[in-house]
Student: 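Structure in structure tokens, see below.
Naming convention: chains lettered A, B, ... in sequence-line order (proteins, then strands); numbering from 1 in each chain.
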Amino acid sequence: MSIDNILAQATSLAVKSLYGLEMPADKIVPTTTKKEFEGNLTIVVFPFLKASHKRAEDTAQEIGEYLVANCEAVEKFNVIKGFLNIVIKPSFWTTVLQSVAADPNFGFKQVNDSSKLVMIEYSSPNTNKPLHLGHVRNNLLGFSLSKIMEANGNKVVKTNIVNDRGIHICKSMLAWLKWGNGITPEIAGKKGDHLIGDFYVEFDKHFKAEVKELMTQGMSQEEAEREAPLIKEAHDMLKKWEDGDAQVRKLWSTMNDWVYAGFDETYKRMGVDFDKIYYESDTYLEGKEKVLEGLDKGMFYRKDDGSVWADLTSDGLDQKLLLRSDGTSVYMTQDIGTAKLRFQDYPIEQMIYVVGNEQNYHFQVLSLLLDKLGFKWGKDLIHFSYGMVELPNGKMKSREGTVVDADDLMNEMINTAREVSKDRNVEMSEDERENVMRIIGLGALKYFILKVDPRKNMLFNPQESIDFNGNTGPFVQYTYARIQSVLRKSNPDDASTDFTAYRPNEKEVALIQRLTDFATVVAEAGRTYSPALVANYVFELSKAYNQFYHDYGILKEEDAIVRAFRLSLSKTVAGIVKRGFALLGIEVPERM
RNA sequence: GGUUCGGUAGCUCAGCUGAAUAGAGCAACAGACUUCUAAUCUGUGGGUCGCGGGUUUGAGUCCCGCCCGAAUCACCA
């Protein structure tokens, strides 16, 4: 049990015994005492005044006296206005450190057979272009969320739904046929996803030219965009694809395989993975079935033109199209189909979709529809909605060439890490150096993205935003590397020295207190689906450690007991930093 | 217009279920390396928490209204 709980329970007993007030312990939340006052934890006594019928100061005084007399851990207290500042016995903190140090799973809940099964969908790329900065945010959030859910005792299945069919894919295919001259990723010396992306752009270029030409001949823009020969060809191709035309299907699968090879490389570099991948080409027909089933049961209705709709007006929403008049699927239908397959494959108890906030309405509707269709988790599905990444001159626009490519970005970050560290002389092999630069570069990128509240749009300034000092990934990584250096140089005998009798000083107590916060933060991050909480916590912990490191010697300390204590403290901090960063999908280097 | 989400220091952001004088980082300025890693540490300046009401002993936080910004409201995905 944590010190917070102990104190809360003792206080609960105190107000019961002093004032006859029934106040459950979980309603009393001791806070960390502000650093300008003496004390470790503070209890605000205002809520008790109605029962005590005394002034705030007197009430605090009485509770303080009760705690000193009845609570083992409390040493003394002071009162300022309605704030009861409590000093915990220093010896108590030593025990706390020992228990945290001894528990490699401190703060995590066990996953077992009866754990809840949570499926998390993230990434969800299209196969017509490479991953960009928006996907980076998505991937990092999704992966981190899966780690956080696991740490909170859930079984997690990470999944990805690949949008591998549709008109946009046909555009790339068509462009490749027309202008590709049989080129392959091998011949081009280029990742497959980038190659296909180039053809998508190529299509757009020619298409625009055609539209422009038709418009000079007097067509309106909409008309021209509909009548352009290229788009007609693309539509023909889509029709052939849907009819299962062997040639088109073969080209389709070849080109998609190129893209998947490219994606795999990017995912691997980024450090994210999936337990199960679904493809829209497999799921879109399933959705249609499910919708027709719903139509039979009278949940949906058919218009005169044959299209099928859901009426959601009673839920405060609109009419929503589910099948086109020609019987083909729309986006919503596909998501229903995917849900159906997933439900067949796994006993899902909770579903989390990591998808951008431009889809908020879509998921509101999806939740209602899945619920109507009888999916247990439909009503309570979580749309983990995150904001867009903006650039200094606005949004990313592929047409204007302002898309930040994921592969380029990661390479740039690693190069920056090399640049920043070129004057440092930490000895390591070339292989290790390369790996460390990778860890630091990616760490900077991941931390930068994950420390921000996911709901907010975030600004990415390639020149200025990525810093390696201050509140950054490398700052935290440095703290870890620094501790490892100390541990490497320490005397093994110190590790076995008993320091139970040691009474830690103020800075040390503050650090231990921070360490115990880890459990609270992990739980809170799980409850609110917030990697940012973990990121900010690990930063605070690192900062507290760096202050301690600056003020006190560790190996330099002559007293063997103090030395042993500080080594244990350092080692424990490093452990929590490493585990905290692991929740974010960020690695830590042994030296840097 | 409807719905959803944002607005905190010059910039980028914290601020959990209400609590002490609203905090970090960057940028600016001034300091600390013969020392366990200075990617560090210390200090200074910088705020009408979008605006106005309300609830409360107490509001950046909760409620109402307004202003500004974003997303969305397709037989696109």
Student: Measuring from the side chain of V330(A) (C-beta onward, heavy atoms only), which nucleotide among A39(B), A20(B), A77(B) has the closest atom?
Tutor: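 Of A39(B), A20(B), A77(B), A77(B) is nearest to the side chain of V330(A).
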Student: When the C1' atoms of U56(B) and U61(B) are considered, how many whole Å apart are they?
Tutor: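 Rounded to whole Å, the distance is 13 Å.
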Student: Can you tell me the distance, in whole Å, between the CD atom of E524(A) and the P atom of U17(B)?
Tutor: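 Those two atoms, CD and P, are 7 Å apart.
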Student: To the side chain of K456(A), which of G15(B), A77(B), A14(B) is closest?
Tutor: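 My answer, after comparing the listed nucleotides, is A14(B).
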Student: Over 60° means perpendicular and under 30° means parallel, so tell me whether F363(A) and Y353(A) are parallel, tilted or perpendicular.
Tutor: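 Rings of F363(A) and Y353(A): tilted, as their planes differ by 30° to 60°.
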Student: Remember a base hit wins even if backbone is also touched, and classify S385(A) as base, sugar-phosphate or nothing at under 4.0 Å, heavy atoms.
Tutor: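 If one applies the 4.0 Å heavy-atom cut-off, S385(A) turns out to touch nothing in the nucleic acid.
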Student: Give the nucleotide from the list C36(B), A24(B), C73(B) with an atom nearest to the side chain of Y361(A).
Tutor: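 Selected nucleotide: C73(B).
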Student: Who does C26(B) pair with, Watson-Crick or G-U, both distances under 3.5 Å?
Tutor: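 Result: G10(B).
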Student: Please classify the nucleic acid contact of L49(A) as base, sugar-phosphate, or nothing, using heavy-atom distances under 4.0 Å.
Tutor: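 If one applies the 4.0 Å heavy-atom cut-off, L49(A) turns out to touch nothing in the nucleic acid.
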Student: Taking donor-acceptor contacts at under 3.5 Å, does the side chain of N546(A) reach the base of A38(B)?
Tutor: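 It does not, because no donor-acceptor pair links the side chain of N546(A) to the base of A38(B) below 3.5 Å.
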Student: Suppose you measure atom P in C68(B) against the same atom in U57(B); what distance do you get, rounded to whole Å?
Tutor: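 Nearest-Å result for C68(B) against U57(B) at atom P: 35 Å.
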Student: Starting from P on A74(B), measure out to CG on L317(A) and report it in whole angstrom.
Tutor: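 Going from L317(A) (CG) to A74(B) (P), I get 12 Å.
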Student: Tell me, with the steps shown, if D58(A) and R55(A) meet salt bridge (charged side-chain N to carboxylate O under 4.0 Å, His left out).
Tutor: CA-CA 5 Å; D58(A) 299 339; R55(A) 296 191 315 144; 3.4 Å; yes
Student: Taking any heavy-atom pair under 4.0 Å as a contact, classify K556(A): base, sugar-phosphate, or nothing.
Tutor: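 Result for K556(A) = base.
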Student: Starting from C1' on U12(B), measure out to CG on N469(A) and report it in whole angstrom.
Tutor: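 Rounding to the nearest Å, CG of N469(A) and C1' of U12(B) are 15 Å apart.
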Student: May I ask you to verify if any side-chain N or O of K34(A) is less than 4.0 angstrom from the OP1 or OP2 atom of G23(B)?
Tutor: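 For K34(A), the contact criterion (side-chain N or O under 4.0 Å from OP1 or OP2 of G23(B)) is met.
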Student: State which of A14(B), A38(B), C73(B) makes the closest approach to the side chain of D318(A).
Tutor: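 Within the option list, the nearest is C73(B).
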Student: Is any side-chain nitrogen or oxygen of R455(A) closer than 4.0 Å to OP1 or OP2 of U4(B)?
Tutor: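 It does not, given that no N or O in the side chain of R455(A) lies less than 4.0 Å from OP1 or OP2 of U4(B).
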Student: Testing the 3.5 Å rule here: is there a donor-acceptor pair between the side chains of Q319(A) and Y301(A)?
Tutor: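 Y301(A) and Q319(A) do have a side-chain donor-acceptor pair below 3.5 Å.
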Student: Output the rounded distance in Å from CG (D453(A)) to P (G25(B)).
Tutor: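 Going from CG in D453(A) over to P in G25(B) covers 20 Å.
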Student: Check whether the side chain of T31(A) and the base of A19(B) form a donor-acceptor pair under 3.5 Å.
Tutor: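 It does not, because no donor-acceptor pair links the side chain of T31(A) to the base of A19(B) below 3.5 Å.
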Student: Measuring only the P atom in each nucleotide, how far is C16(B) from A22(B)? A whole number of Å is fine.
Tutor: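 To the nearest whole Å, 16 Å.
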Student: Ion pair present between E434(A) and R418(A), side-chain N to carboxylate O less than 4.0 angstrom?
Tutor: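 Between R418(A) and E434(A) there is a salt bridge, with a charged N closer than 4.0 Å to a carboxylate O.
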Student: Describe the nucleic acid contact of V29(A) in one word from base, sugar-phosphate, nothing, applying a heavy-atom distance below 4.0 Å.
Tutor: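 Since a base atom lies under 4.0 Å of V29(A), the category is base.
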Student: Does the base of A39(B) carry an N or O that pairs as donor and acceptor with the side chain of R424(A) under 3.5 Å?
Tutor: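 Such a pair exists between side chain and base.
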Student: Can you tell which of C26(B), A70(B), G25(B) lies closest to the side chain of D467(A)?
Tutor: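 Closest nucleotide among those given: C26(B).
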Student: Classify the nucleic acid contact of P47(A) as base, sugar-phosphate or nothing, counting any heavy atom under 4.0 Å across all strands shown.
Tutor: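 It contacts base atoms.
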Student: Between C41(B), A77(B), U37(B), which nucleotide has the shortest distance from any of its atoms to the side chain of Y331(A)?
Tutor: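 My answer, after comparing the listed nucleotides, is A77(B).
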Student: Can F83(A) be classed as stacking with the base of A19(B), given a centroid separation cut-off of 5.5 Å and a plane angle cut-off of 30°?
Tutor: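 Per 5.5 Å and 30° rule: no stacking.
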Student: With the criterion set at under 5.5 Å between ring centres and under 30 degrees between planes, would A20(B) be stacked on F37(A)?
Tutor: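 Yes, the aromatic ring of F37(A) stacks with the base.
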Student: Please check the phosphate of U17(B) (OP1 and OP2 only) for any side-chain N or O of K27(A) closer than 4.0 Å.
Tutor: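 No, outside the criterion.
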Student: Please classify the nucleic acid contact of E390(A) as base, sugar-phosphate, or nothing, using heavy-atom distances under 4.0 Å.
Tutor: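 Touches nothing.
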Student: Nearest-Å distance, CD (Q477(A)) to P (A39(B))?
Tutor: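 Interatomic distance, CD of Q477(A) to P of A39(B): 14 Å.
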Student: Decide yes or no for F203(A) and S172(A): does some side-chain heavy atom of the first lie under 4.5 Å from some side-chain heavy atom of the second?
Tutor: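 No, too far: nothing below the 4.5 Å cut-off.
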Student: Quick one: do K578(A) and E587(A) make a salt bridge, cutoff under 4.0 Å?
Tutor: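 Salt bridge absent between K578(A) and E587(A).
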Student: F46(A) stacking on A19(B): centroids under 5.5 Å, ring planes under 30°?
Tutor: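 Ring-base stacking flag set for F46(A) and A19(B).
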Student: Do R591(A) side-chain and U37(B) base share a donor-acceptor contact under 3.5 Å?
Tutor: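 Answer no: no donor N or O sits under 3.5 Å from an acceptor.
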Student: Nearest of C36(B), G25(B), A39(B) to any side-chain atom of L555(A)?
Tutor: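 Side chain of L555(A) sits closest to C36(B).
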Student: Anything under 30° is parallel, anything over 60° is perpendicular, the rest tilted; go ahead and classify H362(A) against Y331(A).
Tutor: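 H362(A) vs Y331(A) ring planes: parallel.
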Student: N40(A) side chain to V87(A) main-chain N or O, any donor-acceptor pair under 3.5 Å?
Tutor: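 No.
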Student: What's the gap between G6(B) and C49(B) when it is taken at their C1' atoms, as a whole Å value?
Tutor: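 Straight-line distance between the two C1' atoms is 14 Å.
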Student: Does G25(B) have OP1 or OP2 under 4.0 Å away from a side-chain N or O of K451(A)?
Tutor: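 Answer is no, no contact under 4.0 Å.
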Student: Of all the nucleotides listed (U37(B), A77(B), C41(B)), which has the minimum atom distance to the side chain of H550(A)?
Tutor: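 Shortest atom-to-atom distance from the side chain points to C41(B).
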Student: Whole angstrom is fine here: how far is it from CZ in R563(A) over to C1' in C36(B)?
Tutor: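 Atom-to-atom, R563(A) to C36(B), this comes out as 12 Å.
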Student: Which part of the nucleic acid does V44(A) contact within heavy-atom distance under 4.0 Å: base, sugar-phosphate only, or nothing?
Tutor: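 It contacts base atoms.
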Student: In whole Å, what is the span from the NZ atom of K35(A) to the P atom of G43(B)?
Tutor: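 K35(A) atom NZ is separated from G43(B) atom P by 9 Å.
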Student: Side chain of R482(A), heavy atoms from C-beta onward: which of U37(B), C41(B), A39(B) has the nearest atom to it?
Tutor: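 Ranking U37(B), C41(B), A39(B) by closest atom to the R482(A) side chain puts U37(B) first.
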Student: From the set U12(B), A70(B), U37(B), return the single nucleotide nearest to any side-chain atom of L459(A).
Tutor: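 The nucleotide sitting nearest to the side chain is U12(B).
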Student: Using the purine O4'-C1'-N9-C4 or pyrimidine O4'-C1'-N1-C2 torsion, is C49(B) syn (within 90° of 0) or anti?
Tutor: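 Base orientation relative to the sugar is anti.
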